[in-house]
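Let me begin by presenting the structure, written as structure tokens, before commenting on it.
Note that the numbering runs from 1 along the sequence shown for the chain. Keep in mind that the numbers below use all heavy atoms, side chains included, and drop hydrogens, waters and symmetry copies.
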Amino acid sequence: MASTQRKYSRRRLASLITRSIFITISILTVIVLLQNYQVNQQVVAQEAARSKLQTSSLVQQIFNYRLQSLEIQQDSYSRNNSLTSAVKSTEHNKIDGFFNGVDQVSPAVTPDFRFIIDNDKLLWDDANSQFYGIDKQELVSISHHMSMGTSWHLEEVESLMGGRYLLLRRTPIIDLDSGQVLGYIHIGIVLNSNFSLVSSLLKGSNVDHILLAAKSHIIAASTKNDDFRHLKWLDEYASVLKNHEYMVSKTDLTINGISTYLSVYTIQNNAHIVTMMRSHYMWVIIALVCILIIALFSRHWLGQRVSKELLRLTNYTTVAAQKQKNSEFCGSSIEEFHQIGESFQLAFQRLKEQEKLFVDLFNYSLSPITLWDNKGKLIEMNPAAERSFKTGNLDDNGFSVLVEKLIPQIHMCAHGATITGVTIPIGETTYRWNLSPIVIDNEIRNIIAQGQDVTSFVEAQRQSALAREEAEESARVRADFLAKMSHELRTPLNGILGISQLLRDQIEDQTKLEHLDILCHSGEHLLAVLNDILDFSKIEQGKFQIQCSDFNLSELVTTVDKIYRPLCDDKQVELDVRSSLPEPFIVSSDQVRINQILFNLVSNAVKFTSQGKVSVFIECQEDAEKANFGMLRVLVKDSGIGIDYARQETIFEPFVQAEATTTREYGGSGLGLAIVKSLVDLLNGTITLTSRPKHGATFEVQLPIELKPGAKDAGSFKLVSEPALLFDRALQVLLVEDNHTNAFIAKAFCEKYGMTVHWVQDGYNAIDYLKRDENIDLILMDNQLPQLGGIETTKIIRDDLGLKIPIYACTADGMQDTKRAFLAVGADYVLVKPIKEVALNQAFVHYKQTFMQESKVRH
């Protein structure tokens, strides 16, 4: 009996499940169908409304466009000289001829009639108004009714052919020479039976029929169907949005933004929408029948196979969820249910582990964690938060600040946002909070907020910002100082090197020429020392650039020997300079930077060697893989004080020397080797150091270099072109230079080329001179001038005076920013002081090729 009862109960449960599923499916099906029907009705209605709105807007735009076209044409010929001349002479034939010509050019924008009124009298009309039954006296009356201005005027007049609706516009005819108003030209459009207007509206609006109504009458239409010409029928259909046979849209026209009694009705055949809706309803019925059949079959199948297994799975999940007991699933005969059950078992197991992990993380975390509900009420705090905010006293100021600052963020999280990096200072401690919503069953139930003490990090950020500002200011001050010092030091160097180069042309004795060469090379070396400081600044700022040129590498050996042998002789130190390079040996690289590397290394070797020997060896080995390329090897060895092992790793850093007492004993800034290392890196080379204390040091540099076999000697003092042969006439040169020494040297160089030099000492005098005399062929412009600088003077010459005279700038600071600034304001070439004769010769060759050739082409 009990067994029978249990069996009967199981059958009732299965039947209940299957019936419930069947009823649910049926209800959902009906709801979906009803919703589908309602949505389709709304979509059709909305689409019809949108279509009507678009049609109305399009009709109004087409109407406005037609009026604007007439306005533009009317305004264009109202000031035409031919028309004003004809109106002045009141020659009607000329007026007729003028408008006939206008109409032939633009027949599409021709009004129905025109007439001209002067002093309330009809001066002229085109006689078209009489075609519409409007006599000349009526034209004068219409003009009286029109308001001032050039707006369109809608007028209803009685004519011989009945009532007429007119659109009129007038504009004054103005004599452009005297500004006199000669009369008013009027244009008119007859709206009654205006086939042209209706056709343009029909063509542009993409509808089937167009009707134009005024007040309660249809005055123009694109169809002769009488059914469409009843306003009552049109208004009834225009107010309906659903699927009827015709879709009617009414547009109340506005003119110049003012409502009128004109309306445009558009009629469009709506049969395709009706057909589509009927087809849709038919398929909905078919779908309903199919769903009903599927539901009946599903009910039977669920009752026989699935209900029992589903009940077993449900019981398992219920027990696991309610009792929170992770029991083992006993399995199912249906594979899918079996997999679902095992998945549930694994999910419950992982959920249990995650809950334990979360609890441990919450309780044992060293960071404060708080749990809130979605209303902003605090639910729980972990021990770390309790220690931090003393929640035993809810009136505590720190906890109040925390709640006040977090509540707005919690409300945002309650709407789905995840917020990170909320910094809240509480007393002397700063916390950074991360807030995240906890979603359960697709609903935000709680918000968890985790804080972190970032007091030290915030303070470090503030200190870092202050340090960065101080570093930027220091870099700016240092750059300004270097630019000024460069100018001050290069000015006397310009005198030394300039005079030395001038003397070369006056001395024939070979011994004296060698002495003069030593003077020039020494000056070059002094210039290189100055460049060391500037180059290090450029390297630090990332503004250093390599400039390659062809030069004779074998001259480097002679130069080193002549410069440093006197120093070694004074210290009684042997100098051995050897080379395996042939004479001449032409290469392409940055000659100045290679000189810097070698001079710095040799200078260091001589400086730190008090007895013994300094050896310099230079060789170049060709690259077997790359043609015309080789590896330059420079070896500098001395028997001086040497370098300690601990110092060898930092010896190439700036302001670092071998010992703390080295600066006091030997002098120097500690920049030489730092610059050497940076230059070697920029030239894609390597440098190595071998040294022992009190046994000297050996520096080996290897640099990739391009060989120029068969190239001619590119010596330092060789001119590109002989001065006497460069120009065929005496150029007029304006020299702008405040320093007498620099001016003397520049003038002497220019006179060697047969130039006539006019010297002024500042920018204002240069501008005044150019205002008086524009027969200047070339301007040599110094940078740092009193009162008005060279860059500003160049800008004024280009922008204010508008002169195209070539300007060759001369700057002593050697900074790339100065060069770019000169070129930006209109300078054509930039020379760096001290000015060398070779560099000046190249500049004059550039002038001849660029500007004198252009002048010949123009002539």
Side-chain angles (χ1 to χ4, degrees), residues 483-484 487-488 490-491 494-495 498 723 726-815 817-835 839-859:
K484 294 177 181 177
H487 180 271
E488 294 300 325
R490 285 176 186 266
T491 298
N494 187 41
L726 189 57
F727 301 111
D728 54 3
R729 65 180 179 87
L731 299 182
Q732 301 294 318
V733 178
L734 177 61
L735 175 62
V736 187
E737 173 63 66
D738 62 320
N739 185 274
H740 289 71
T741 302
N742 292 344
F744 172 79
I745 295 170
K747 187 175 180 182
F749 278 145
C750 292
E751 288 175 349
K752 290 176 62 177
Y753 292 84
M755 300 178 177
T756 302
V757 180
H758 308 273
W759 175 36
V760 295
Q761 294 181 331
D762 58 50
Y764 288 116
N765 289 330
I767 294 171
D768 293 339
Y769 190 93
L770 291 173
K771 289 180 179 179
R772 298 192 307 269
D773 185 5
E774 295 185 2
N775 295 322
I776 296 296
D777 298 303
L778 175 63
I779 300 174
L780 295 179
M781 179 70 65
D782 188 28
N783 178 24
Q784 296 191 11
L785 297 171
Q787 298 182 0
L788 187 65
I791 296 175
E792 293 79 5
T793 305
T794 302
K795 182 175 178 60
I796 292 173
I797 293 173
R798 290 292 188 240
D799 297 344
D800 297 347
L801 300 184
L803 298 179
K804 305 299 183 182
I805 302 173
I807 299 176
Y808 280 37
C810 305
T811 174
D813 60 19
M815 305 297 286
D817 292 342
T818 305
K819 296 181 183 179
R820 285 192 289 266
F822 258 119
L823 295 175
V825 297
D828 301 288
Y829 198 93
V830 180
L831 287 164
V832 179
K833 294 181 181 178
I835 297 177
L840 189 63
N841 181 262
Q842 293 173 351
F844 287 155
V845 171
H846 174 271
Y847 170 81
K848 180 178 181 179
Q849 294 175 349
T850 304
F851 298 102
M852 298 190 72
Q853 295 296 333
E854 290 181 358
S855 178
K856 290 181 179 179
V857 171
R858 288 195 295 268
H859 290 297

- Query: Is there side-chain contact between Trp759 and Lys747, with at least one heavy-atom pair below 4.5 Å?
  - Reply: no
- Message: Which heavy atom of Thr794 sits nearest to which heavy atom of Gly826, and what is that distance?
- Response: CG2-C, 4.2 Å
- Query: How far does CG of Leu735 sit from CG of Asn742, to the nearest 0.5 angstrom?
  - Reply: 9.0 Å
- Message: Testing the basics here: between Val830 and Lys819, what is the closest heavy-atom pair and its distance to 0.1 Å?
- Response: CG1-CG, 3.8 Å
- Taking side chain as C-beta onward, heavy atoms only, is Ile805 less than 4.5 Å from Ile797? no
- Task: Work out which heavy atom in Ala743 is nearest to a heavy atom in Glu737; give both atom names and the distance.
- Result: N-CG, 3.7 Å
- Query: Tyr829 versus Thr850: any side-chain heavy-atom pair under 4.5 Å?
  - Reply: no
- Query: To the nearest 0.5 Å, how far apart are CZ in Phe727 and CE in Met852?
  - Reply: 6.5 Å
- Item | Approximate separation, where rounding is to 0.5 Å, of Glu792 CD and Ile767 CD1 | 10.0 Å
- Task: Begin from the C-alpha positions of Asp762 and Leu788 and carry the test side chain to side chain contact (heavy atoms under 4.5 Å, CB included) through to its verdict.
- Result: CA-CA 7 Å; Asp762 58 50; Leu788 187 65; over 6 Å; no
- Which atom pair, heavy atoms only, marks the closest approach of Ala827 to Ala809? CB-CB, 4.5 Å
- Task: Could you tell me whether the side chain of Ile807 reaches within less than 4.5 Å of the side chain of Phe822, counting heavy atoms only?
- Result: no
- Would you say Asp777 and Val733 make side-chain contact, with heavy atoms under 4.5 Å? no
- Could you tell me the separation between the OG1 atom of Thr793 and the CG atom of Asp800, rounded to the nearest 0.5 Å? 11.0 Å
- Can you tell me if Lys848 uses its side chain to pair, donor with acceptor, with the backbone of Leu726 under 3.5 Å? yes
- Message: I need the Thr756 OG1 to Ile776 CD1 distance, nearest 0.5 Å.
- Response: 9.5 Å
- Side chains of Asp782 and Val736: closer than 4.5 Å at any heavy-atom pair? no
- Item | Parallel, tilted or perpendicular: ring planes of Tyr753 versus Phe844, cut at 30 and 60 degrees | perpendicular
- Message: Rounded to the nearest 0.5 Å, what separates atom CG in Leu785 from atom CG in Asn765?
- Response: 10.0 Å
- Message: Within the 4.5 Å heavy-atom criterion, are Cys750 and Leu778 side-chain neighbours or not?
- Response: no
- For the residue pair His758 and Tyr769, categorise the inter-ring angle as parallel (less than 30°), tilted (30 to 60°) or perpendicular (more than 60°). tilted
- Message: For Arg798, is there an ion pair with Asp828 - N to carboxylate O distance below 4.0 angstrom?
- Response: yes
- Backbone N/O of Leu840 and side chain of Tyr808: donor-acceptor pair under 3.5 Å: no
